[in-house]
Amino acid sequence: MARITLRQLLDHAADHGYAVPAFNISNMEMGLAIMTAAREADAPVILAASRGARAYAGDRLLARLIDGLVETFPEVPVCMHLDHGNALATCATAIQHGFTSVMMDGSLLADGKTPADYAYNMDITRRVTEMAHACGVSVEGELGVLGSLETGMGDQEDGHGATEKLSEEQLLTDPAEAEQFVKDTGVDALAVAMGTSHGAYKFTRQPDGEILAMSVIEEINRRLPDTHLVMHGSSSVPEDLQQVINSYGGDIRPTWGVPVDEIRRGIRSGVRKVNIDTDNRMAMTAGVRRVLSETPGEFDPRKYLKEGKALMQDLCKARFEAFGTAGHASRITPLPPEAMAARY
Ligand code: G3H
Ligand code: 13P
Ligand code: ZN
């Protein structure tokens, strides 16, 4: 069994100059695609479950799915991570179900929609950190609100994100405040805001420094060289997947994601965790659409899910290679949570 905490995994990544993709998971096919890619690439991985995923699969089933994946792929260190926790209870129940890492996203209030102030964010994140560290579980916090520098809008697509128009001050993490936040809360990793948002519609053109402010990450890394930084909304929204989906009856409007080269630039400046969900959703959808369109008589879910799984596996493997994660699984010996708890 190779379950690992986020802290141990990202410490290893920092020591060796790579980043670990956090792939969202909500069903078995996604889990198999990610884990098979990780095995092929000899890469450790972060499996991220959102509140939506927990509601979709149910905590019991999700926990057992992860147990099954960890047992089936014993050579892959797996960090089981809660994505965008909104409250202390959400984080505590994730820990009860075997998560080795939780994100307390206090950039928004518990409704997951209203931007919070610094005092709220700091207080809730610090309380979650105290609770999680006592269990040997790692914590990711977030400072700054995800959303578009082009439109000023927060995430509109998946139920978690600001619904009001945001100022540039809210959309860009303040580096001095980041320094204070890490000191005040004791988080193991910090998610920062610099123009990315969740979903397929991040940018209306190839992003430049105006709308994807990688310089913010560089400045935060200069002030906090030992803090593991996290990039959310890091799907690249590949054009070839857009085309496959559209050529089989889909309707993806012209859009741009975060170029892999920009993520690699972030990795050179302390980014150690890169969140990707949309790309995998698109890969799965592209495969399923292709099979169902080309063989309209097909009604065996295994046949069309297999094709989606294969495209998702290719995408995950490409990201492990691009982020330098490949080749590191066999070099890590996961410590049990008790050993991690003793460190805090
Ligand atoms: O946080 C964003 C991820 O893409 C998860 O999305 O809340 O629809 O599961 P979700
Ligand atoms: P994408 O929507 O860009 O894949 O981002 C996922 C994410 O940040 C999950 O927390
Ligand atoms: Zn996110």
Side-chain angles (χ1 to χ4, degrees), residues 6 19-27 30-31 33-34 45-59 62 79-87 90-91 94 99 101-108 111-113 140-148 153-163 171 173 189-203 207 211-212 217 229-238 241-242 252 255-260 262-263 266 271-286 312 315-316 318-319 322-323:
L6 186 71
V20 186
F23 293 125
N24 286 80
I25 177 172
S26 33
N27 64 26
M30 298 173 88
I34 297 165
V45 71
I46 301 165
L47 299 178
S50 65
R51 284 191 289 145
R54 289 175 67 182
Y56 176 77
D59 276 344
L62 195 59
C79 171
M80 189 57 217
H81 175 80
L82 170 68
D83 196 22
H84 294 284
N86 64 322
T90 319
C91 298
F99 285 50
S101 174
V102 293
M103 175 186 191
M104 178 59 232
D105 181 355
S107 70
L108 301 171
D111 64 3
K113 296 183 188 330
E140 172 186 340
E142 174 164 326
L143 189 66
V145 185
L146 297 185
S148 163
M153 296 312 292
D155 290 338
Q156 300 297 302
E157 292 172 42
D158 56 17
H160 183 100
T163 45
L171 288 165
T173 303
L190 179 69
V192 297
M194 37 49 197
T196 65
S197 53
H198 295 127
Y201 301 103
K202 301 181 194 303
F203 306 110
I211 56 176
L212 176 60
I217 289 186
L229 302 181
V230 181
M231 279 176 70
H232 281 250
S234 293
S235 277
S236 303
V237 197
L241 289 180
Q242 296 183 39
I252 307 285
T255 179
W256 278 262
V258 183
V260 169
E262 294 297 324
I263 297 172
V271 169
R272 301 289 162 231
K273 174 172 178 280
V274 181
N275 285 24
I276 294 173
D277 187 2
T278 298
D279 282 355
N280 282 331
R281 291 178 177 189
M282 292 181 85
M284 182 64 76
T285 300
M312 184 169 153
L315 191 136
C316 293
R319 296 296 179 270
F323 303 162

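One-based numbering, in listed order, for ligands and for the atoms of each. Remember, it's a predicted structure, so these values are computed and weren't measured experimentally.
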Worksheet item: Considering residues at least two apart in sequence or located in another chain, which fulfil the side-chain contact (heavy atoms from CB on, under 4.5 Å) criterion with T196?
Response: L146, M194, L212, V258
Discussion item. Distance under 4.0 Å to a non-hydrogen atom of N24: what atoms of ligand 2 satisfy this?
Written reply: 9 (C)
Worksheet item: Taking only heavy atoms of D277, which atoms of ligand 1 are found under 4.0 Å from at least one of them?
Response: 3 (C), 4 (O), 5 (C), 6 (O)
Worksheet item: Looking only at atom types and distance, does a side-chain atom of Q242 sit under 3.5 Å from a main-chain N or O of I252, one as donor and one as acceptor?
Response: no
Fill in: Per-residue contact class, T196 against ligand 2 - non-hydrogen pairs under 4.0 Å
neither
Worksheet item: H198 heavy atoms, cut-off 4.0 Å: which ligand 2 atoms fall inside?
Response: 2 (O), 5 (O), 6 (C), 7 (C), 8 (O), 9 (C), 10 (O)
Worksheet item: Quick one: which ligand 2 atoms are inside 4.0 Å of a heavy atom on K202?
Response: 1 (P), 2 (O), 3 (O)
Practice prompt. Could you tell me the separation between the CG atom of L6 and the CZ atom of R272, rounded to the nearest 0.5 Å?
Written response: 12.5 Å
Worksheet item: Residues in side chain to side chain donor-acceptor pair (under 3.5 Å) with D59, at least two apart?
Response: R54
Worksheet entry | Over all atoms of both residues, closest heavy-atom pair of S235 and D279 | OG-N, 2.9 Å
Discussion item. Show the atoms of ligand 2 that are less than 4.0 angstrom away from any heavy atom in G199.
Written reply: 2 (O)
Response to the item:
So, leaving waters aside, the tally of protein N/O/S atoms less than 2.8 Å from the Zn ion (ligand 3) stands at 3
Item to complete: Taking only heavy atoms of D277 into account, list the atoms of ligand 2 that are under 4.0 Å away from them.
Response: 1 (P), 4 (O), 6 (C)
Discussion item. Among V192, I276, N275, I263, exactly one meets side chain to side chain contact (heavy atoms under 4.5 Å, CB included) together with M231. Which residue is that?
Written reply: I263
Worksheet, complete the sentence: Sequence neighbours excluded, the answer for side chain to side chain donor-acceptor pair (under 3.5 Å) partners of N280 is none
Worksheet, complete the sentence: Of all heavy-atom pairs linking V102 and C91, the shortest is CG1-O, 3.8 Å
Discussion item. Under 4.0 Å, heavy-atom basis, I'd like to know which part of D83 is in contact with ligand 1: side chain, backbone, both or neither.
Written reply: side chain
Item to complete: Run the numbers for me: atoms of ligand 2, each under 4.0 Å from some heavy atom of I276, listed by number.
Response: 4 (O)
Worksheet entry | Nearest atoms (heavy-atom pairs only) where Y56 meets S26 | CD2-O, 3.4 Å
Fill in: Subset of ligand 1 atoms that lie under 4.0 Å from at least one heavy atom of N24
3 (C), 5 (C)
Worksheet item: Quick one: does ligand 2 sit under 4.0 Å from the side chain of D83, the backbone, both or neither, non-hydrogen atoms only?
Response: side chain
Worksheet item: For ligand 2, which atoms have a heavy atom of G233 less than 4.0 angstrom away?
Response: 1 (P), 3 (O), 5 (O), 7 (C), 8 (O)
Practice prompt. Check whether any side-chain heavy atom of R319 sits under 4.5 Å from a side-chain heavy atom of F23, and report yes or no.
Written response: yes
Worksheet entry | N/O donor-acceptor pair under 3.5 Å between K202 side chain and W256 backbone | no
Fill in: Subset of ligand 2 atoms that lie under 4.0 Å from at least one heavy atom of H84
10 (O)
Worksheet item: Heavy atom under 4.0 Å from ligand 2: found in S234's side chain, backbone, both, or neither?
Response: backbone
Worksheet item: Is S107 reaching over with its side chain to a backbone N or O of E142, donor-acceptor style, under 3.5 angstrom?
Response: no
Response to the item:
Between H84 and R51 the two heavy atoms that sit nearest each other are O-NE, 4.0 Å
Discussion item. For atom 10 (P) of ligand 1, which of the options R51, R281, H84 provides the nearest non-hydrogen atom?
Written reply: R281
